[in-house]
Engineer: 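The structure's right below; bear with me while I get my questions together.
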Amino acid sequence: NLNLEEALTWADQAINAPFGIGVENFVTLDTKAQVLTLLNRNDEAEAIMKKAIDHPTTTMTQIHFYGRRLINQGKNQEALDIFKLNRKRNPKDNFTTLVGLARGYQAIGDKKKAIDNFRLAAKNAPTGQAQFYENLAKQLEDS
């Protein structure tokens, strides 16, 4: 939270520096959006994040962790919307996008959809992780 205007200058440089030094991608755009948010320039930050999410090199995992960050910020409906978008863009993924949906639904208080998505994700979890997601579903059922 120090020298935010200078941080913004560096973020712009990371995106736009000439001669191939600057690279516009999810990470550089996300960084700029975070600085803009700290400067209370929320409309600009939102526009930059939309660009980051829509960037052709943005990955499913980057979108997933952005959704997780939104939950940590208490922006639960926005997070769910991001997780839904991720699922729509990556319909063949049967783990990460389902975990995202489960976490999003859990964040907005829709236990049934959260449980269903945790269970679907558990069926496709990497080796040794299925029980973890089954346990999350069971904890929600019991709460």
Side-chain angles (χ1 to χ4, degrees), residues 1-137 139-140 143:
N1 290 326
L2 300 172
N3 302 322
L4 293 175
E5 289 297 337
E6 183 179 356
L8 187 57
T9 299
W10 282 104
D12 280 329
Q13 192 76 358
I15 296 167
N16 301 308
F19 310 113
I21 296 171
V23 178
E24 181 181 285
N25 59 30
F26 182 86
V27 173
T28 57
L29 293 166
D30 179 42
T31 299
K32 181 176 180 176
Q34 289 183 64
V35 173
L36 287 167
T37 298
L38 291 169
L39 287 165
N40 292 315
R41 293 165 58 180
N42 297 322
D43 291 342
E44 291 176 75
E46 189 175 312
I48 294 293
M49 275 314 299
K50 179 168 179 11
K51 189 174 184 180
I53 291 164
D54 292 339
H55 197 278
T57 63
T58 297
T59 68
M60 173 186 62
T61 303
Q62 288 169 320
I63 293 173
H64 177 80
F65 282 105
Y66 174 58
R68 294 287 303 263
R69 187 169 78 219
L70 289 171
I71 289 174
N72 290 336
Q73 294 171 346
K75 298 176 180 178
N76 298 337
Q77 185 59 55
E78 288 179 53
L80 178 57
D81 293 343
I82 288 296
F83 292 132
K84 285 179 178 180
L85 174 69
N86 207 17
R87 179 69 182 159
K88 182 178 177 182
R89 286 188 184 173
N90 300 284
K92 292 182 180 178
D93 174 77
N94 288 314
F95 178 66
T96 301
T97 60
L98 296 171
V99 171
L101 286 172
R103 296 212 181 270
Y105 284 120
Q106 182 179 16
I108 66 161
D110 189 334
K111 288 185 357 179
K112 182 183 179 342
K113 287 184 180 177
I115 291 165
D116 291 346
N117 280 285
F118 276 134
R119 290 233 159 91
L120 287 170
K123 291 177 185 177
N124 300 289
T127 303
Q129 293 184 26
Q131 191 59 52
F132 176 77
Y133 294 99
E134 282 292 339
N135 289 346
L136 289 175
Q139 288 170 7
L140 281 174
S143 66

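The chain is numbered in sequence order, starting from 1. Please read all numbers here as calculations on a predicted model, not as lab measurements.
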Engineer: Find the distance between OG1 (T31) and CZ (F26) and round it off to the nearest 0.5 Å.
Structural biologist: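 Result: 9.0 Å between the selected atoms.
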
Engineer: Using the side-chain contact (heavy atoms from CB on, under 4.5 Å) rule, pick out the option among L85, I48, T58 that qualifies with I53.
Structural biologist: L85

Engineer: Roughly how far, to the nearest 0.5 Å, is CG of N76 from CD of Q106?
Structural biologist: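 That separation rounds to 10.0 Å.
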
Engineer: Is the backbone N or O of L101 less than 3.5 Å from a side-chain atom of N117, with the two atoms forming a donor-acceptor pair by type?
Structural biologist: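 No, because the side chain of N117 does not come within donor-acceptor range (under 3.5 Å) of the backbone of L101.
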
Engineer: What's the spacing between I15 CD1 and I21 CD1 if we round to 0.5 Å?
Structural biologist: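 Rounded to the nearest 0.5 Å, the CD1-CD1 separation comes out at 15.0 Å.
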
Engineer: Counting only heavy atoms from other residues, nucleotides and ligands, does the tally under 6.0 Å from CG of N72 exceed 12?
Structural biologist: yes

Engineer: When you measure from the side chain of N86 to the backbone N and O of M60, does any donor-acceptor pair fall under 3.5 Å?
Structural biologist: yes

Engineer: Which heavy atom in A130 sits nearest to a heavy atom in A122, and how many Å separate them?
Structural biologist: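 Distance-wise, the nearest heavy atoms are CB-O, 3.3 Å.
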
Engineer: Evaluate the criterion ring-ring contact (aromatic ring centres under 6.0 Å, His included) for residue pair Y133 and F95; output intermediate values, then yes/no.
Structural biologist: CA-CA 10 Å; Y133 294 99; F95 178 66; 5.3 Å; yes

Engineer: Whether the side chain of D93 engages the backbone of T96 through a donor-acceptor N/O pair (distance < 3.5 Å, no angle test) should be reported.
Structural biologist: yes

Engineer: Got a sec, which residues hit salt bridge (Lys or Arg N to Asp or Glu O under 4.0 Å) with K112, two or more places apart in sequence or on another chain?
Structural biologist: D116

Engineer: Check residues 32-40 and write down every donor-acceptor pair under 3.5 Å in which the side-chain atom is one partner and the other belongs to a residue at least two apart or another chain.
Structural biologist:
from: K32; atom 1: NZ; to: D12; atom 2: OD1; distance (Å): 2.5
from: Q34; atom 1: NE2; to: D30; atom 2: OD2; distance (Å): 3.1
from: T37; atom 1: OG1; to: A33; atom 2: O; distance (Å): 2.9

Engineer: Given the rule in the salt bridge (Lys or Arg N to Asp or Glu O under 4.0 Å) test, do D54 and R89 qualify, once you have shown the distances and angles that lead to the verdict?
Structural biologist: CA-CA 11 Å; D54 292 339; R89 286 188 184 173; 2.5 Å; yes

Engineer: With heavy-atom distances below 4.5 Å as the criterion, would you say the side chains of E5 and T9 are in contact?
Structural biologist: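 Of all side-chain heavy-atom pairs linking T9 with E5, none is under 4.5 Å.
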
Engineer: Is a side-chain N or O of T28 found less than 3.5 angstrom from the main chain of V23, in a donor-acceptor match?
Structural biologist: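 The answer is yes, because a donor-acceptor pair under 3.5 Å joins these two groups.
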
Engineer: In Å, rounded to the nearest 0.5 Å, how long is the span from CG of L8 to CD of E6?
Structural biologist: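 One finds 11.0 Å between CG of L8 and CD of E6.
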
Engineer: Within the 4.5 Å heavy-atom criterion, are E46 and M49 side-chain neighbours or not?
Structural biologist: no

Engineer: The test is side-chain contact (heavy atoms from CB on, under 4.5 Å); show your working for K88 and T97 and say whether it passes.
Structural biologist: CA-CA 9 Å; K88 182 178 177 182; T97 60; over 6 Å; no

Engineer: Hey, could you give me the CG/CG distance between L98 and L120, rounded to the nearest 0.5 Å?
Structural biologist: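 These two atoms lie 5.5 Å from each other.
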
Engineer: Side chains of N135 and Q131: any donor to acceptor distance under 3.5 Å?
Structural biologist: yes

Engineer: Show the nearest heavy-atom pair for residues L140 and S143, with the distance to one decimal.
Structural biologist: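 Reported closest heavy-atom pair: O-OG, 2.9 Å.
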
Engineer: How long is the straight-line distance from NZ of K84 back to CD of Q77, given to the nearest 0.5 Å?
Structural biologist: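 Answer for the CD-NZ pair, Q77 versus K84, is 6.5 Å.
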
Engineer: Around atom NZ of K111, are there more than 12 heavy atoms of other residues, nucleotides or ligands at under 6.0 Å?
Structural biologist: yes

Engineer: Once you measure the plane-to-plane angle for H64 and F83, does it fall in the parallel (<30°), tilted (30-60°) or perpendicular (>60°) bin?
Structural biologist: tilted

Engineer: Any non-hydrogen side-chain atom of L136 less than 4.5 Å from a side-chain atom of R103?
Structural biologist: yes

Engineer: Is atom CD of Q73 surrounded by more than 12 heavy atoms (other residues, nucleotides or ligands) closer than 6.0 Å?
Structural biologist: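 Yes, enclosed.
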
Engineer: Determine yes or no for a side-chain-to-main-chain donor-acceptor pair under 3.5 angstrom, with Q129 supplying the side chain and P126 the backbone.
Structural biologist: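 Not confirmed, Q129 side chain does not pair with P126 backbone.
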
